Amino acid sequence: MRRHLSRRVPGRVVAAVWTSGLALRKPLARGFRTSFAGGRFTAVRRIGKFLYLDWESADGRSDRSLLAHLGMTGHFLHATAKPAARPAHAHVQWTFEDGSALLFCDARRFGLLEWIARDTRPPNVGADPTENRITGPWLSAELAKSRAPIKSFLLDQRRIAGIGNIYASEALFRAGISPRRRARSLTKDEAERLAGSIHAALGEAVRYRGTTFSDFRDPDGEPGEYGTSLLVYGRRGEPCKRCRSKIRRIVQSGRSTFYCVTCQRKPAPGAARKSLARKV
DNA sequence: ATCCTATCCTGTAGGC
DNA sequence: TGCCTACAGGATAGGA
């Protein structure tokens, strides 16, 4: 999303802004619409799952950014010609002087748009694997601090920022690690493998412009193409692409996890002993 | 302190 | 066809 926006949006002067009036995760700030008059976005950055649209106002000030988070169903669209009808669930439309328009659409309205000081780090955001490559030793030290299942650890944005529910399952499959393992139980070797798998899963998905299983669209309105490359996510009951075992779905912290019990074999230490003790 | 559950909201798929 | 339930890319307040 960042790559697309940075090709389309910077430099175009905002002529008008429309809003739906509905609140996203938070209501839009007072004066949101008028705050854009005559200025322009200058760059698009990303930290974790947050996008920064750096802003230069009409009087040349550039100390603010529009912070955006897509939530579950949020997406930006950039239309080169003014569309006849606004798409469903559009909540903000920036119309530029050249007649093109940027839209923020979000069916479930878990997304976020708010002004922030340009250098502010978003809340609850830890290490971003694309800012600083995750190393085995660093990950190993972080894992040692958590008793949570490794799958839940990967979703915790305060630890590693940017991994969502799809790529948490994908990274664990690539590393051959069971999602049920406690984070702190991973060996140094496993931490090393997982670090590499995180980079591989995220990197490949970005090259394919993300995963669309329902309504995600890139700013040209095109679905992401990574869906057919998914190794486990959404493949419950289907054969593992590596060993042909059936992919299983479990629920962890209220979220679906998909994995292969054969390729991601090793159980949580203590789990077997415990359940055995209970039976006895 | 850490981890998990419920919640916000709308759409869709599947069972009956 | 319609009604009902379960689930969906996320974050987070508050309870255990």
Side-chain angles (χ1 to χ4, degrees), chain A residues 1-2 4 20-28 46-51 67-77 86-92 104-114 116 121-126 128 142-172 179-185 201-202 204-206 208-219 222-237 248-258 268 270-271:
Chain A
M1 184 66 81
R2 189 203 70 75
H4 273 258
S20 70
L22 293 177
L24 300 177
R25 189 195 313 173
K26 295 178 184 175
L28 298 178
R46 180 191 56 75
I47 299 179
K49 297 178 185 174
F50 288 88
L51 288 165
L67 184 70
H69 193 296
L70 304 177
M72 296 273 238
T73 50
H75 52 271
F76 283 100
L77 290 171
R86 236 176 239 120
H89 307 298
H91 291 103
V92 181
F104 184 79
C105 306
D106 188 357
R108 292 177 72 180
R109 312 206 321 263
F110 294 162
L112 176 73
L113 292 173
E114 69 179 0
I116 57 161
R121 196 149 176 104
N124 301 325
V125 162
D128 182 312
E142 290 299 304
L143 292 170
K145 300 175 193 169
S146 172
R147 316 176 68 91
I150 181 59
K151 161 65 172 0
S152 303
F153 175 98
L154 291 177
L155 286 182
D156 186 344
Q157 302 297 300
R158 293 168 302 184
R159 303 184 187 277
I160 302 174
I163 302 173
N165 203 37
I166 295 176
Y167 304 119
S169 284
E170 293 295 300
L172 286 168
R180 317 169 77 122
R181 296 271 303 281
R182 303 267 149 192
R184 60 159 58 162
S185 79
L202 294 178
E204 196 172 327
V206 168
Y208 282 82
R209 300 182 352 276
T211 301
T212 294
F213 64 79
S214 170
D215 56 4
F216 170 76
R217 293 294 181 275
D218 76 14
E222 298 294 323
E225 303 290 348
Y226 193 61
T228 52
S229 303
L230 292 173
L231 300 169
V232 286
Y233 186 85
R235 302 191 65 244
R236 166 169 45 170
R248 293 204 189 159
R249 173 185 176 271
I250 59 173
V251 175
Q252 296 178 291
S253 302
R255 315 290 308 277
S256 285
T257 302
F258 298 87

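Below, chain A is the first sequence line, B the second, and so on; all start at residue 1. As the structure is a computational prediction, the values presented were derived from the model and not from experiment.
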Base of B:dC9 and ring of A:F110 stacked, centres under 5.5 Å, planes under 30° = no
NA contact type, A:R158, heavy-atom cut-off 4.0 Å: base, sugar-phosphate, or nothing?
-> nothing
Donor-acceptor contact present, side-chain A:D128 to main-chain A:G48, <3.5 Å | yes
Which one, B:dG11, C:dG9, B:dC4, comes nearest to the side chain of A:A107?
-> B:dG11
Keeping the roles fixed (side chain from A:N165, backbone from A:L155), state whether a donor-acceptor pair exists under 3.5 Å.
-> no
Would you mind reading off the distance between A:I163 atom CD1 and C:dA11 atom C1', rounded to a whole angstrom?
-> 16 Å
If we take the P atom in both B:dA6 and C:dA6, what is their distance in whole Å?
-> 13 Å
Please state the P separation for the pair B:dT7 and C:dT5 - nearest whole angstrom.
-> 16 Å
In whole angstroms, how far is the P atom of B:dC3 from the NZ atom of A:K151?
-> 15 Å
Is there a donor-acceptor contact under 3.5 Å from the side chain of A:R121 to the main chain of A:G126?
-> yes
Rounded distance (Å) that lies between atom P of C:dG10 and atom NE2 of A:H75 = 16 Å
Are OP1 or OP2 of C:dT12 and a side-chain N or O of A:N124 less than 4.0 angstrom apart?
-> yes
Report yes or no: does A:Q157 contribute a side-chain atom to a donor-acceptor pair with the main-chain N or O of A:I163 at less than 3.5 Å?
-> yes
Any pair with a residue in residues 104-114 of chain A that passes salt bridge (charged side-chain N to carboxylate O under 4.0 Å, His left out), sequence neighbours left out, goes on the list, sorted by first then second residue, please.
-> A:K26-A:E114
Checking B:dT10, C:dA11, C:dG9 against the side chain of A:R255 (C-beta onward), the nearest is C:dG9
A:P123, nearest nucleotide to its side chain (from C:dA8, B:dG11, C:dT12) | C:dT12
Would you confirm whether A:R182, through its side chain, and A:R147, through its main-chain N or O, come within 3.5 Å as a donor-acceptor pair?
-> yes
State whether A:H69 places a side-chain N or O below 4.0 Å from either non-bridging phosphate oxygen (OP1 or OP2) of C:dA11.
-> yes
In terms of side-chain heavy atoms of A:K49, which of B:dT10, C:dA11, C:dA8 is nearest?
-> C:dA11
Tell me, which of residues 142-149 of chain A have any heavy atom that sits under 4.0 Å from an atom in DNA chain C?
-> none
Are any of A:S256's side-chain N or O atoms less than 4.0 Å away from OP1 or OP2 of C:dA8?
-> yes
Could you check how far CD of A:E114 sits from P of C:dA11, rounded to whole Å?
-> 14 Å
Report the secondary structure of DNA chain C in dot-bracket form, marking unpaired bases with a dot and bases paired to a different strand with |, and treating Watson-Crick or G-U pairs with both distances under 3.5 Å as paired.
-> .|||||||.|||||||
A:D106 has an atom CG; how far is it from atom C1' of B:dG11, in whole Å?
-> 12 Å
Measuring from A:L70:CG to A:F110:CZ, what's the distance to the nearest 0.5 Å?
-> 13.5 Å
Rounded to whole Å, the CG-C1' distance (A:N165 to C:dA8) equals 10 Å
How far, in whole Å, is B:dT5 from C:dC7 if one measures between their P atoms?
-> 14 Å
Name the closest nucleotide to the A:S253 side chain, picking from B:dT5, C:dA11, C:dT12.
-> B:dT5
Keeping the roles fixed (side chain from A:Q252, backbone from A:P179), state whether a donor-acceptor pair exists under 3.5 Å.
-> yes
At under 4.0 Å between heavy atoms, what does A:Q157 touch on the DNA or RNA strands: base, sugar-phosphate, or nothing?
-> sugar-phosphate
Check: A:E170 side chain, A:Y233 main-chain N or O, donor-acceptor pair, under 3.5 Å | yes
To the nearest angstrom, how far is A:D156 atom CG from C:dA13 atom P?
-> 14 Å
Mapping A:R108 and A:L155 onto DNA chain C by nearest heavy atom, which one lands closer to the 5' end?
-> A:R108
Give the ring-plane orientation class for A:Y226 versus A:Y167, where under 30° counts as parallel, over 60° as perpendicular and anything between as tilted.
-> tilted
Test item: A:K151 side-chain N/O and A:S256 main-chain N/O as donor-acceptor pair under 3.5 Å = yes
Gap between atoms OH and C1', on A:Y226 and C:dG9 respectively (whole Å) | 15 Å
Report which part of the nucleic acid A:R159 touches: base, sugar-phosphate, or nothing (heavy-atom distance under 4.0 Å, all strands).
-> sugar-phosphate
Side-chain N or O of A:R249 closer than 4.0 Å to phosphate OP1/OP2 of C:dA8 = yes
